There are 2 protein chains.
Amino acid sequence: MKIGDLSRLTGTRVETIRFYEKEGLIPAPSRTGGNYRVYDQAHLNRLSFIRRSRDLGFTLDQVRALLDLSDDRLRSCGAVDELAREQLRSVERKIEDLQALQRELASLLNQCSQGTIAECRIIEALAPG
Amino acid sequence: MKIGDLSRLTGTRVETIRFYEKEGLIPAPSRTGGNYRVYDQAHLNRLSFIRRSRDLGFTLDQVRALLDLSDDRLRSCGAVDELAREQLRSVERKIEDLQALQRELASLLNQCSQGTIAECRIIEALAPG
DNA sequence: ATGCACCCTGAAGCCACTATAGGGTCAAGC
DNA sequence: GCTTGACCCTATAGTGGCTTCAGGGTGCAT
Ligand SMILES: [Zn+2]
Ligand SMILES: [Zn+2]
Ligand SMILES: [Zn+2]
Ligand SMILES: [Zn+2]
């Protein structure tokens, strides 16, 4: 597999794959005579794991930790679950913050009666008073 | 007012105030003999406006636009409202994405029965198969 | 004179990529 | 055998919105 194949199979940009390699998330693959990267199934599996973790919102440092943990098949999964619980809490906090924003913006938009800037409730809410 | 006073009054870090100046969001203030920045009420008002806009989730480019619009007191506030509506839509999209994440993480955590890594539902969900 | 809180500049670092410049490789078609 | 075009390579810089750091200077009290 060349890098473009891996890209298509995982929905990851070519540049991102090279970036993951530089960051040590994916082992450097072997090369062809023309200096092209050649990947195998293990690379594909690892990149898929990384992408799914990123899709769940884990940071690259958390992904590194998850990759390490996933190798240790016989250990208890407590650490994995703790990472996931932490991520869930962080997502829930972000949702709450955004919902507060949503309420405030919606309320301002609702109050504005399409007049001039001088009477605009949104500008009024931003300006100090 | 010195920069530290402005910082305390607005809850903005000193470095952030200097950053806003460099970005052209706040006009460069006059200086004392010892080269300290001196701010007045107009600076305080402008920084407050910026911070409230940021708290509502507007980007610095949007803040720039809002500041420009807010000067033009007699114009219709249509452009302001459109920025706010756009921001509301963006917030709502983010909430939906995060709620999907929340459901997925919660479901995985719920399925995991605290065994070994080999049986962990979370690792299983990440690994390709 | 010394300490200490505060201020200054300029540059680099953070995250997770993305983009750009300036090239090289390889198979197909003429 | 030469060109075209899709693909690949490296190295570097840019994104947003700051934060941190290095290496100083200022100003007031003791
Ligand atoms: Zn990094
Ligand atoms: Zn309005
Ligand atoms: Zn588990
Ligand atoms: Zn920037």
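In this text, all values refer to a predicted model and were calculated from it rather than measured experimentally. The chains referred to below are lettered A, B, ... by the order of the sequence lines, with proteins before strands, and numbering in each begins at 1.
Counting to the nearest Å, the P atom of C:dT18 and the CD1 atom of A:I17 are 12 Å from each other. If you measure from atom CG of A:L25 to atom C1' of C:dA16, you get 11 Å, rounded to the nearest angstrom. Protein atom CZ of B:R64 is 11 Å distant from nucleotide atom C1' of D:dG16, rounded to whole Å. B:M1 has its CE atom 17 Å from the P atom of C:dC6, to the nearest Å. Protein atom CG of A:D5 is 16 Å distant from nucleotide atom P of D:dA6, rounded to whole Å. Distance CZ (B:F19) to C1' (C:dG13): 14 Å, rounded to an integer number of Å. The distance between atom CG of B:L60 and atom C1' of D:dG17, rounded to the nearest whole Å, is 6 Å. We find that CG of A:L47 is positioned 14 Å from C1' of C:dC17, with the value rounded to whole Å.
Listed candidates were C:dT18, D:dT19, C:dC8. Nearest to the side chain of B:I3 is C:dC8. Listed candidates were C:dT18, C:dT9, D:dG17. Nearest to the side chain of A:R13 is C:dT18. You'll find that the side chain of B:T16 is closest to D:dC18, out of D:dG17, C:dC17, D:dC18. Closest contact between the side chain of B:R37 and the listed nucleotides C:dC8, C:dC17, D:dC9 involves C:dC8.
If you check every strand for non-hydrogen atoms under 4.0 Å, B:Y20 touches sugar and phosphate atoms only. Heavy atoms of B:R51 sit under 4.0 angstrom from primed sugar atoms or phosphate atoms, though from no base atom.
Positionally, the nearest nucleotide of DNA chain D for A:V38 lies more toward the 5' end than for the other of A:K22 and A:V38. When the nearest nucleotides of DNA chain C are assigned to B:E21 and B:R8 by heavy-atom distance, the more 5′-ward of the two goes with B:R8.
Cluster annotation: A:L9 and A:V14 are assigned to the same hydrophobic cluster (Ile/Leu/Val/Met/Phe/Trp/Tyr, side-chain heavy-atom contacts under 4.5 Å, transitive).
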Subject >> Intermediate values then yes/no, side chain to side chain contact (heavy atoms under 4.5 Å, CB included), A:T12 and A:I50 >> reply: CA-CA 10 Å; A:T12 311; A:I50 294 170; over 6 Å; no
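Counting heavy-atom neighbours within 6.0 Å of B:R85 CZ, excluding the residue itself, gives a total above 12. Within 6.0 Å of CZ in A:R75 there are 12 or fewer heavy atoms belonging to other residues, nucleotides or ligands.
Remark: side-chain polar atoms of B:S48 are paired, donor with acceptor, to backbone N or O of B:L44 under 3.5 angstrom.
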Original post:
Could you write nucleotides 21-30 of chain D as a row of B, S and -, 5' to 3', where a protein heavy atom under 4.0 Å of any base atom gives B, of only sugar-phosphate atoms gives S, and otherwise -?
Top reply: ----BBS---
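Using a 4.0 Å cut-off, no side-chain N or O of A:R31 falls inside it from OP1 or OP2 of D:dC8.
Side-chain contact of B:Y20 with B:R51: a donor-acceptor pair under 3.5 Å is present, judged by distance alone.
One finds the CG atom of B:L67 at 12.0 Å from the CD atom of B:Q62 (value rounded to the nearest 0.5 Å).
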